[in-house]
Amino acid sequence: MAGGLLAFGLGGLLTRSWVRRRFGGDPEHNERVTFLIEVVGIFYALLVGLVAVGAYDHYVEVKKLVNQEASQLTSVYRAGQAFPNSRRCRLQSQVRNYAENVIDEVWPKQKQGEIEEDQGRLDAVFESLMFYEPQNDQESNAQSATVDAFNEYNNLRRERQGEVEIGLLPELYIVLFLGAVVTIGVSWALVGVRLIDHLALTGLLSLFIGLFLALIVALDHPLQDSNSIEPKPWKVALAKGMGVPSDGEKQVATYFGKSTAQRVPGCLLDVSDYVSFASSDQLPE
């Protein structure tokens, strides 16, 4: 984009000979052009600056939201440790399976602008929480705390889904690019300026505007396209919060025992087995 606007700006200097023939004899022509450049430049610089700052602030806010969402799901996973071992294994396996699905399936589709969640995996976590009958006050408190953490996660998930399609208005882009054309085009109207000076002035102006517009486009739609926010917080949550070994590791030590990529620590079945029997009260022997 910066290169395209630079080529556009320098290419427009081909009109120099026509401008000299048309306005070369007017002694006040450059004063009028300079005044126009100052007025247009000030308003356009304010617009571009405000839009760039706004786009950056939005990008940072969405990045914080992604971090909070991944961290909150880790809280759900850890809160489940207070349940009896059979229920803990089922719940934590379902949470881990859901997190892996977000990284492998949800994020790539999200980059294409598609809001798609595997609701079945999340419903399985909810069922494991709500359909469990606590046997004592400790289990009741654990259930209440885990449900609160799960509800908070659900709110953050819906916020992140809503951010997928939020970006700058198309009308604003029209104004930005038309403003760039007008600002650069006004610089072509100068007369009595050496060619090398005119090339430097117009080239630097075009490059500066192009870089700012490229920045705005790159920051727009933080969860879409190639420059979108990566699911790194989710990978950290899996590795640090849920005991999934990092690349190159086979297992990690936790309070409940050895944790592998296929099995939650202290559990008899693999994650896939617990997920397959998510809605069943009777797990396979």
Side-chain angles (χ1 to χ4, degrees), residues 62-84 86-134 139 142-166 222-224 228-244 259 261-265 267 269-283:
V62 175
K63 196 168 186 177
K64 289 180 180 178
L65 177 61
V66 172
N67 279 289
Q68 291 174 354
E69 184 188 5
S71 177
Q72 188 62 32
L73 191 65
T74 303
S75 298
V76 177
Y77 181 92
R78 291 189 175 276
Q81 293 178 350
F83 285 89
S86 60
R87 181 61 51 165
R88 175 188 70 83
C89 289
R90 175 185 294 189
L91 177 63
Q92 291 186 334
S93 294
Q94 292 165 350
V95 171
R96 182 190 284 192
N97 179 261
Y98 171 77
E100 290 174 340
N101 180 74
V102 170
I103 295 173
D104 297 335
E105 301 293 336
V106 172
W107 226 260
K109 292 180 180 179
Q110 186 175 261
K111 285 188 174 183
Q112 301 172 7
E114 301 178 19
I115 304 175
E116 184 170 337
E117 299 278 353
D118 190 341
Q119 192 66 29
R121 286 180 169 84
L122 202 61
D123 289 340
V125 177
F126 180 75
E127 290 176 0
S128 293
L129 286 173
M130 298 304 298
F131 296 159
Y132 176 69
E133 297 182 2
E139 293 182 9
Q143 184 184 44
S144 177
T146 310
V147 169
D148 289 343
F150 177 83
N151 289 334
E152 178 63 23
Y153 167 76
N154 225 358
N155 293 333
L156 293 172
R157 178 182 67 91
R158 284 193 291 268
E159 286 186 39
R160 189 250 307 159
Q161 288 177 325
E163 292 288 352
V164 173
E165 296 181 345
I166 294 180
L223 295 174
Q224 290 189 34
S228 63
I229 297 171
E230 295 296 328
K232 185 177 180 181
W234 287 88
K235 296 178 180 179
V236 173
L238 276 173
K240 304 299 183 183
M242 304 182 194
V244 177
S259 177
Q262 292 76 33
R263 183 170 297 182
V264 173
C267 301
L269 301 177
D270 289 344
V271 169
S272 58
D273 294 322
Y274 280 107
V275 173
S276 299
F277 289 88
S279 59
S280 173
D281 289 333
Q282 182 63 42
L283 293 174

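Any value given below was found using the heavy atoms of this structure, including those in side chains, with hydrogens, waters and symmetry copies removed.
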> What residues form a side-chain contact (heavy atoms from CB on, under 4.5 Å) with Ala99, not counting sequence neighbours?
Replying inline: Leu73, Trp234, Leu238, Met242
> Rounded to the nearest 0.5 Å, how far does CG of Asp273 lie from SG of Cys89?
Replying inline: 12.0 Å
> Does a side-chain heavy-atom distance below 4.5 Å link Arg88 with Cys267?
Replying inline: yes
> To the nearest 0.5 Å, what is the distance between CD (Glu165) and CD (Glu114)?
Replying inline: 10.5 Å
>> So which atom in Ser228 and which in Leu223 form the shortest heavy-atom distance, rounded to 0.1 Å?
In response: CB-C, 3.5 Å
>> Looking only at the side chains, is there a donor atom on one of Tyr274 and Gln92 sitting less than 3.5 Å from an acceptor on the other?
In response: no
>> Any heavy-atom pair between the side chains of Thr146 and Leu91 that's under 4.5 Å?
In response: yes
>> If you compare all heavy atoms of Ala82 against all heavy atoms of Ala142, which two are closest, and at what distance to 0.1 Å?
In response: CB-CB, 3.5 Å
> Which distance, rounded to the nearest 0.5 Å, do you find between the NZ of Lys235 and the CD1 of Ile103?
Replying inline: 6.5 Å
>> Could you measure the distance from the NZ atom of Lys240 to the OG atom of Ser71? Nearest 0.5 Å is fine.
In response: 14.5 Å
> Residues in side chain to side chain donor-acceptor pair (under 3.5 Å) with Tyr153, at least two apart?
Replying inline: Glu69, Tyr98
> If you look at every heavy atom in Val271 and Ser93, which pair is closest and at what distance?
Replying inline: CG1-O, 3.5 Å
> With a cut-off of 6.0 Å (strictly less than), are more than 12 heavy atoms of other residues, nucleotides or ligands near CZ of Phe126?
Replying inline: no
>> Could you check whether any side-chain N or O of Glu139 sits under 3.5 Å from a backbone N or O of Phe83, counting only pairs where one atom can act as donor and the other as acceptor?
In response: no
> Can you pull the salt bridge (Lys or Arg N to Asp or Glu O under 4.0 Å) pairs that have at least one residue in residues 92-107, sequence neighbours excluded?
Replying inline: none
>> Looking at every heavy atom in both Gly113 and Gln224, which two are closest together, and how far apart are they?
In response: CA-CD, 3.6 Å
>> Using the side chain to side chain donor-acceptor pair (under 3.5 Å) criterion, which residues pair with Arg158? Sequence neighbours excluded.
In response: Asn155
> For the side chain of Gln72 and the backbone of Ala149, is there at least one donor-acceptor N/O pair under 3.5 Å apart?
Replying inline: yes
>> In the structure I gave you, are the side-chain heavy atoms of Val95 and Phe150 within less than 4.5 Å of one another anywhere?
In response: no
>> Counting C-beta onward and ignoring hydrogens, is there a side-chain heavy-atom pair between Leu122 and Asn154 closer than 4.5 Å?
In response: yes
> Okay, side chain of Arg87, backbone of Ser128: is any donor-acceptor separation there less than 3.5 Å?
Replying inline: yes
>> If the condition is salt bridge (charged side-chain N to carboxylate O under 4.0 Å, His left out), which residues does Asp148 pass it with, not counting sequence neighbours?
In response: none
>> Counting C-beta onward and ignoring hydrogens, is there a side-chain heavy-atom pair between Arg160 and Val106 closer than 4.5 Å?
In response: yes
> With Lys111, which residues qualify under side chain to side chain donor-acceptor pair (under 3.5 Å), at least two apart?
Replying inline: Glu230
